[in-house]
Colleague: 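Below are the structure tokens for one structure; questions will follow.
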Amino acid sequence: MFLARIRVSLKPTVNDPQGKTIAQALGRLGFDTIDSLRAGKYFEVRIDEYDRAAAEKKVQAMCTQLLANPVIERFDFDLDPVS
Amino acid sequence: MPVSQETLDEIALSRAEYEAIVDRLGREPGNLELGLFGALWSEHCGYKHTKPLLRRLPGESNRLLVAPGAENAGVIDIGDGFAIAMKIESHNHPSAVEPLQGAATGVGGIVRDIFAMGARPIALLDSLRFGMPQDNARVQFLVHGVVGGISWYGNCIGVPNVGGETWFDKSYTGNPLVNAMCVGLIENANIVSATAKKPGDLLVLVGADTGRDGIHGASGLASRTFEEQAEMRSAVQVGNPFLEKVLIEACLEAINVPGVNGMQDCGAAGLTSAAIEMAERSGMALRLDVSRVPRREEGMTPYEVMLSESQERMLLAVEEHAVPEIEALFEKWDLDATVIGHFHAGAEVEIYDGETPVSETPIEPLTSAPEYAFTAPKPEWLAKLQATDPAAPGLPPVSPADALLKMLASPNIASKRPVFRQYDHHVQTNTVVEPGGDAAVLRLKGTSRAIAVTTDCNGRLCHLDPRTGAQIAVAEACRNLACVGAEPLALTDGLNFGDPETASVQYQLVESIEGITEAANAFGIPVVSGNASLYNESAGKAIYPTPIIGALGLLEDATKHAKIAFRQQGDAIVLLGRSAPWDGPGTLAGSEFNSVFHDVATGLPSMDLNLEVRVQQLCRNLVRAGLVSSAHDCSDGGLAVSVAESAITGGLGASVTSALPDRWDAALFGEGQSRIVVSLPESELAHLKAMATELDVPVSVIGSVGGDRLTFGEASVPLTKAADAWEHGFERATTG
């Protein structure tokens with residue numbers, strides 16, 4: 001069994017309205033030293049595979065097919081064995 | 001230093017065009033200037049292949065308040081101080097790369113075009129084309145992405161999405177079409193011009209920050225055949241509909257501030273086209289400082305700032321004294337308003353980066369792209385297709401009843417409820433006739449009137465005969481208006497074609513424009529705005545020529561409208577436009593039936609504009625007189641599909657009694673034009689016939705409403721079975 005921790009965020013040049021809105025809201029709350037903020041998504045996926053390479057391949061595939069939109073987003077992940 | 005081929009390719013200019021630039025400037029252009037020329041001489045901004053053709057379109061009407069071409073869209077007077085601005089625009093290439101954001105920003109872009117004129121956006125329509133969806137995961141992904149993007153953006157900004165089309169054919173597999181149309185209402189004739197009024201007017205940029213999105217969107221995407229998606233990814237724009245919503249409100253408020261002289265949206269080619277076209281229209285020079293443009297990213301060059309297609313930005317021309325009020329107004333809406341330049345006497349655009357001059361270019365050559373005129377002969381392949389008998393494949397080995405069920409389930413005919421149920425079509429509370437009928441009807445609050453809007457184009461018929469096909473697109477759009485009881489007032493056209501450097505596409509362009517012109521003249525209405533999207537090709541094959549027509553109609557009395565659904569047991573069903581129910585085999589040309597059962601598109605479609613105009617007049621008269629219970633035109637799938645749709649939506653069976661001829665395929669599913677199916681109480685038949693005689697329109701009483709079956713001669717299916725095929729056909733074809 002493996003646990004994948006997957007982070008998805010917009011590519012650096014892609015407009016991030018959500019991040020901008022959050023930064024503005026934080027500014028209104030008095031956090032006046034925020035320089036920039038980008039929002040993203042985080043997933044934890046437990047995978048019933050016993051071979052690391054197989055698990056990695058599966059995570060890669062699920063990221064490109066569903067969890068991330070490779071046209072505008074990038075992703076990375078950690079893969080750790082769990083019991 | 002001579003420019004490299006690589007650079008020219010990047011900005012999609014030909015070597016000859018580059019030489020023309022050098023000739024007109026009397027020197028080599030600088031790097032930034034070359035970018036400006038690339039954008040402004042692109043098809044999207046410069047219309048270099050279409051301008052000579054577009055001039056032929058009719059632009060006359062005594063209702064015109066702003067002539068086509070003078071501003072971002074023509075404006076039509078609808079009385080009582082109200083006017084309508086409308087326009088259709090394509091976002092095909094961005095939608096092919098990233099369907100959700102591509103379609104969403106297409107909606108955002110056309111909405112800005114409309115409120116830039118001082119019009120409140122009151123309706124959206126979307127005309128979509130995809131490849132065949134069955135068992136094609138990529139096409140299904142595109143369908144769901146595009147529809148999702150339109151609903152997301154449109155619903156967020158609170159503009160009802162009231163109509164459009166979703167149509168499938170394998171010619172669009174690698175190159176989907178996403179055309180969005182926006183209709184705006186101007187009150188008290190308060191039309192805003194996209195010009196500065198006097199020297200000293202300041203150029204104010206409002207709305208979103210500028211990032212590196214969509215650089216070379218206009219030149220790179222819209223001017224070149226679209227093949228390598230990965231290469232173009234830097235051009236993807238991401239929309240922010242909530243920002244657009246406040247931008248609409250802020251801009252419509254700003255136009256009432258004294259000293260605000262003009263407004264222009266930033267669309268294709270961003271600041272370059274918006275600012276320079278504004279200066280050109282104003283007949284003034286413009287000095288612009290890119291260092292003042294608020295950035296989202298660091299290290300952007302003047303080139304990137306000028307060519308960015310970041311969304312949700314507008315330009316205002318403001319007199320200096322009004323700037324503090326404008327800044328305060330936009331601050332109230334949580335939006336930036338920044339002075340980035342000023343207009344002055346002269347004829348150049350000077351671009352500065354702070355105090356450093358970057359370029360100084362005469363405006364005239366920038367905004368007068370070369371024009372390529374062409375007349376191409378009919379291609380041989382087309383002559384062959386036209387000469388092929390559309391009835392040649394013979395009857396398919398199915399019963400007429402089973403054929404009807406299969407036709408109703410075809411995604412081109414099946415109910416598009418799965419699409420439009422995702423759109424808010426009631427926001428603003430003016431929608432009288434919802435999507436799913438022939439045309440949507442929107443009341444005009446404070447008056448007794450209503451407008452009707454629709455889009456139409458059958459690319460398969462345009463493929464078989466671009467001229468007749470374009471006539472049919474106009475005629476069908478107007479026929480849709482007639483079916484709800486509206487009189488056509490104006491058209492907008494979204495011209496989607498392949499590579500204009502090929503003879504076949506040149507022929508298609510020339511003929512289509514002629515066809516639109518002839519049909520618009522027959523109805524006596526102008527084409528008030530439009531857009532051209534060329535180079536729609538994939539793997540070297542052009543899409544079907546697809547001149548999408550958006551039409552606006554007026555109902556003097558909003559309560560006098562008709563819908564497609566049968567309403568009353570025992571009503572007679574009458575076919576307007578024919579003296580007998582069944583059409584002959586020639587009408588199978590380019591039909592949905594031939595596509596579904598034989599996978600062929602052959603033959604020569606035909607159109608009689610004189611008859612068409614009279615049929616529509618009769619239908620309108622009948623609806624206005626309140627004589628008919630329902631009205632629905634015959635289009636894709638012909639008479640049987642038209643009757644079936646009226647029956648299914650009304651929950652009432654129907655029976656067309658005449659015996660079917662041998663060629664039942666043409667009789668039931670032929671797509672002869674100028675036909676409308678109405679239902680009405682038998683007691684009104686004499687009245688209908690008298691009105692038809694007066695207008696010299698043939699009519700035929702073909703059957704009656706009632707029962708729980710759909711019957712055509714010997715063929716009969718239970719209404720519930722037909723309804724199941726029609727209501728679920730779209731979902732079944734586009735999922736799984």
Side-chain angles (χ1 to χ4, degrees), chain A residues 4-45 47-49 53-77, chain B residues 93-102 104-105 108 137-138 141-142 144-145 148-149 152-153 156 207-215 229-247 294-300 304 308-313 333-336:
Chain A
R5 296 184 177 89
I6 306 163
R7 290 163 294 273
V8 179
S9 59
L10 289 164
K11 288 178 181 173
T13 57
V14 173
N15 188 18
D16 177 16
Q18 189 188 4
K20 187 167 181 194
T21 306
I22 295 168
Q24 282 174 343
L26 286 171
R28 281 195 292 273
L29 289 172
F31 296 93
D32 52 10
T33 51
I34 292 173
D35 183 50
S36 72
L37 186 153
R38 306 275 291 171
K41 289 179 285 191
Y42 174 71
F43 302 91
E44 287 183 357
V45 185
I47 306 162
D48 195 4
E49 295 278 353
E56 203 168 305
K57 216 171 147 191
K58 288 265 164 70
V59 175
Q60 189 78 26
M62 62 180 83
C63 284
T64 51
Q65 285 173 34
L66 185 70
L67 300 182
N69 175 354
V71 178
I72 54 174
E73 291 174 325
R74 58 181 180 183
F75 61 86
D76 61 15
F77 58 86
Chain B
H93 298 290
S95 302
V97 181
E98 210 311 282
L100 190 141
Q101 292 294 342
T105 52
R138 176 73 193 167
F141 167 76
L142 289 172
H144 292 121
W152 169 59
Y153 207 99
C156 285
D209 299 346
T210 299
R212 287 193 177 89
D213 356 45
I215 291 176
Q229 299 186 349
E231 300 257 316
M232 298 289 187
R233 278 176 189 171
S234 66
V236 173
Q237 310 141 14
V238 170
N240 182 353
F242 293 114
L243 182 60
E244 176 108 337
K245 172 60 183 166
V246 288
L247 194 58
R295 323 277 176 93
R296 203 176 67 225
E297 297 175 61
E298 289 181 12
M300 288 180 70
E304 288 172 326
S308 160
E309 294 192 352
S310 285
Q311 299 292 299
E312 292 95 19
R313 300 180 302 163
W333 289 99
D334 222 354
L335 291 169
D336 287 330

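In the text below, chain A, chain B and the rest are named by the order of the sequence lines, each starting its count at 1. Below, all heavy atoms of this structure are taken into account, side chains as well, without hydrogens, waters or symmetry copies.
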Colleague: Using non-hydrogen atoms and a 4.5 Å limit, figure out which bit of B:Q101 sits close to chain A: side chain, backbone, both or neither.
Modeller: side chain

Colleague: Do you know which two heavy atoms are closest between B:D334 and A:R28, and how far apart they sit?
Modeller: OD2-NH1, 3.3 Å

Colleague: I need the residue from A:L10, A:N69, A:D16 with the largest number of non-hydrogen atom pairs under 4.5 Å to chain B.
Modeller: A:N69

Colleague: Counting only heavy atoms not in A:K41, do more than 12 sit closer than 6.0 Å to its NZ atom?
Modeller: yes

Colleague: Step by step, work out the side-chain contact (heavy atoms from CB on, under 4.5 Å) result for B:E98 and A:I72.
Modeller: CA-CA 8 Å; B:E98 210 311 282; A:I72 54 174; 4.1 Å; yes

Colleague: Please list, chain by chain and in numerical order, all residues satisfying side chain to side chain contact (heavy atoms under 4.5 Å, CB included) with B:E304, sequence neighbours excluded.
Modeller: B:R212, B:I215, B:M300, B:T301

Colleague: Taking atom NZ of B:K245 as the centre, does the number of heavy atoms from other residues, nucleotides or ligands within less than 6.0 Å exceed 12?
Modeller: yes

Colleague: For A:E49, does the CD atom have more than 12 heavy-atom neighbours from other residues, nucleotides or ligands under 6.0 Å away?
Modeller: yes

Colleague: So, taking the atom named CG in B:D209 and the one named NZ in A:K20, what distance separates them when rounded to the nearest 0.5 Å?
Modeller: 3.5 Å

Colleague: Could you tell me which non-hydrogen atom of A:P17 sits nearest to which non-hydrogen atom of B:G239, and how far apart they are?
Modeller: CG-O, 3.6 Å

Colleague: Stepwise, does the side-chain contact (heavy atoms from CB on, under 4.5 Å) test hold for B:V236 with A:V14?
Modeller: CA-CA 8 Å; B:V236 173; A:V14 173; 5.7 Å; no

